[in-house]
Amino acid sequence: MKVHCTPIWSMDNPRSTINIDPFTPIDPQDMPYLPEEKYDLNNTLAVKVQFPGCDKPKLVHARFHRPNSEHQELYRTLITKHMSLLSLFMPVDKNEFFWVENQAELDANGMLMRFLLSITEPVDYSAKYAILYGIPFKDNKNNKETMYPVVRKDGDYYKAIGHCLVYNSEGFFSDYTPSQEEIF
């Protein structure tokens, strides 16, 4: 099957765009300080990123997190996994992490975005990936979440390997300059 659409290509050498080891849980020292009196709240870790092709930085949800939970290693592993996937398409700097205390307010005004990649195979940092930006689709549950197919170059062909969910895609891509359509 051939598809004509606008792609968002993965970055060349994505490992150079992230200052977190993608193979070990993020070190607690790499996370911003959270005062102890805030530990009993449900906090959201966010990161400021500059998506290639966009004029302004975006605030992206990194992970829901409970700093006093007994599941610290799991939370840090999930944060690392999410940031490693994110780094395929945009630079991620651990110095840009920050805590969000009132996530509902930022979600409501569209400032805090979700950009979640879900792929069906292990990441190959030397491979070329594309989000098929020209083929958005939605599920029946939430009209604010837009999904896009994700493909990996496999020889002369492309293999569908997952999807990218973007919450508030209109806001996320509001200043995005799309590339030319290509054949997949």
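The closest side-chain heavy-atom distance from V123 to S84 is not below 4.5 Å. The closest side-chain heavy-atom distance from F98 to L45 is not below 4.5 Å. Put simply, the side chain of F89 reaches to within 4.5 Å of the side chain of L117, judged on heavy atoms. Side-chain atoms of C5 and E182, non-hydrogen and from C-beta on, never get closer than 4.5 Å to each other. Between Y158 and R152 the shortest side-chain heavy-atom distance does not fall below 4.5 Å. The closest side-chain heavy-atom distance from V166 to R114 is not below 4.5 Å. The shortest distance between side-chain heavy atoms of M83 and V47 falls below 4.5 Å.
Taking all atoms of both residues into account, the shortest heavy-atom contact from M11 to K128 is C-NZ, 4.2 Å. Among all heavy-atom pairs drawn from M90 and P52, the shortest one is CB-CD, 3.8 Å. Of all heavy-atom pairs spanning T146 and P136, the tightest one is CG2-CB, 3.6 Å.
With sequence neighbours left out, P149 forms a side-chain contact (heavy atoms from CB on, under 4.5 Å) with L132, I135, F137. For the salt bridge (charged side-chain N to carboxylate O under 4.0 Å, His left out) test, residues two or more places apart in sequence or in another chain that qualify with K159 are E121.
Note that the OG atom of S87 and the NE2 atom of H82 stand 10.5 Å from one another [nearest 0.5 Å]. Put simply, CG on L116 and NE2 on H61 are 7.0 Å apart, with the number rounded to the nearest 0.5 Å.
Judged purely by atom type and a 3.5 angstrom limit, H4 has no side-chain atom pairing as donor or acceptor with the backbone of F184. Side-chain N or O atoms of T120 include one that pairs as donor or acceptor with a backbone N or O of I161 at under 3.5 Å. At distances below 3.5 Å, at least one donor-acceptor pair connects side-chain atoms of S179 with backbone N or O atoms of P7. Counting only distance, with no hydrogens or angles, the side chain of K153 and the backbone of A127 share no donor-acceptor pair below 3.5 Å.
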Going through the checks in order, is the side-chain contact (heavy atoms from CB on, under 4.5 Å) test met by Y148 and L165?
CA-CA 7 Å; Y148 304 88; L165 182 145; over 6 Å; no

When the side chains of residues 170-178 are checked against the rest of the protein, which donor-acceptor pairs come out under 3.5 Å, sequence neighbours left out?
{"from": "S174", "atom 1": "OG", "to": "G171", "atom 2": "O", "distance (Å)": "3.0"}
{"from": "D175", "atom 1": "OD1", "to": "K58", "atom 2": "NZ", "distance (Å)": "2.8"}
{"from": "D175", "atom 1": "OD2", "to": "D55", "atom 2": "N", "distance (Å)": "2.8"}
{"from": "D175", "atom 1": "OD2", "to": "K56", "atom 2": "N", "distance (Å)": "2.7"}

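Here Y167 and F115 keep their ring centres 6.0 angstrom or further from each other.
Hydrophobic clustering keeps M147 apart from L85 (ILVMFWY residues linked when any side-chain heavy atoms are closer than 4.5 Å, directly or through intermediates).
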